[in-house]
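Only this structure's heavy atoms are used, side chains among them; waters, hydrogens and symmetry mates stay out.
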Amino acid sequence: MLAFLLRQGTYLLPRIFIFHSSLMRVQQQRECSIEMGIQLMNMCDEVSVYGFNITEGMHFELNHAKKKGIPIRFYDDEMNLVNTSMLPLDDRATTDYIVVVESLHL
């Protein structure tokens, strides 16, 4: 996956460098991790989401990207672009995933 990403351009993968927020037990550390991710995101031209699982923290970050006008692209587990307008017909997308994506009004 990393090789694919690098071929596409320069990508930041903050969760590799910052402790994964779902593993953090202390709320302050989790908030710090998300804030650092937001600061990195502010320097990005685009946000990519891979797979069909969007956590609460990811949802927060995607809302931030939307507010900042940063384009968001969704990819499946095999790195294929997901057609978000067809999500209700996509068996891979859970109801929660569809609700989050639709709430972004992309």
Side-chain angles (χ1 to χ4, degrees):
M1 178 164 99
L2 186 56
F4 169 82
L5 297 176
L6 294 175
R7 282 195 306 271
Q8 302 304 310
T10 303
Y11 279 76
L12 290 173
L13 304 169
R15 294 297 183 240
I16 290 175
F17 304 108
I18 301 170
F19 293 125
H20 194 284
S21 50
S22 68
L23 299 175
M24 293 186 182
R25 297 184 182 202
V26 178
Q27 183 66 20
Q28 185 178 14
Q29 290 174 327
R30 181 175 185 270
E31 290 172 5
C32 181
S33 171
I34 291 172
E35 180 60 31
M36 287 190 289
I38 293 291
Q39 294 304 317
L40 286 171
M41 183 188 302
N42 289 336
M43 296 183 275
C44 294
D45 298 322
E46 178 179 298
V47 172
S48 300
V49 178
Y50 295 91
F52 289 94
N53 182 36
I54 297 177
T55 65
E56 181 183 335
M58 290 169 66
H59 190 183
F60 178 82
E61 293 168 338
L62 293 172
N63 280 325
H64 176 79
K66 170 77 172 152
K67 288 176 192 171
K68 290 290 193 175
I70 301 170
I72 305 168
R73 292 183 194 250
F74 295 86
Y75 296 88
D76 65 16
D77 294 328
E78 297 177 7
M79 311 302 177
N80 299 306
L81 190 62
V82 172
N83 182 347
T84 56
S85 65
M86 301 298 290
L87 279 180
L89 303 175
D90 193 328
D91 293 337
R92 302 167 301 173
T94 65
T95 302
D96 290 340
Y97 182 89
I98 294 169
V99 167
V100 169
V101 173
E102 288 179 347
S103 75
L104 296 171
H105 304 289
L106 302 174

Distance in Å, [X] [atom1] paired with [Y] [atom2], rounded so as to fall on 0.5 Å steps:
X    : Y   : atom1 : atom2 : value
E61  : L40 : CD    : CG    : 10.0 Å
S103 : N63 : OG    : CG    : 5.5 Å
K68  : M41 : NZ    : CE    : 11.0 Å
H64  : E35 : NE2   : CD    : 8.0 Å
N83  : D90 : CG    : CG    : 9.0 Å
M79  : S48 : CE    : OG    : 10.0 Å

Smallest separation among heavy atoms of [X] and [Y], with atom names:
X    : Y   : answer
G51  : D77 : CA-OD1, 3.0 Å
V47  : A65 : CG2-CB, 4.0 Å
P71  : D45 : CD-O, 3.2 Å
P88  : I98 : CA-CD1, 4.1 Å
L104 : F74 : CD1-CZ, 3.9 Å

task = Answer yes or no: is there a side-chain heavy-atom contact under 4.5 Å between Y97 and N53?
result =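 In short, these two side chains do not touch, never coming nearer than 4.5 Å.
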query = Side chains of D96 and T94: is there a donor and an acceptor less than 3.5 Å apart?
reply = no
request  = Take K66 and L106, measure what side chain to side chain contact (heavy atoms under 4.5 Å, CB included) needs, and give me the verdict at the end.
outcome  = CA-CA 8 Å; K66 170 77 172 152; L106 302 174; 4.3 Å; yes
request  = Over 60° means perpendicular and under 30° means parallel, so classify the ring planes of Y50 and Y75, tilted if in between.
outcome  = parallel
request  = Decide yes or no on side chain to side chain contact (heavy atoms under 4.5 Å, CB included) for V82 and R73, but give the supporting numbers first.
outcome  = CA-CA 8 Å; V82 172; R73 292 183 194 250; over 6 Å; no
query = Do other residues, nucleotides or ligands put more than 12 heavy atoms under 6.0 Å from Q39 CD?
reply =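 Count over threshold, so yes.
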query = What's the verdict on side chain to side chain contact (heavy atoms under 4.5 Å, CB included) for I54 and V101, showing C-alpha distance, side-chain angles and the deciding distance?
reply = CA-CA 9 Å; I54 297 177; V101 173; 4.2 Å; yes
same_hphob_cluster(V99, V49) at 4.5 Å side-chain heavy-atom cutoff = no
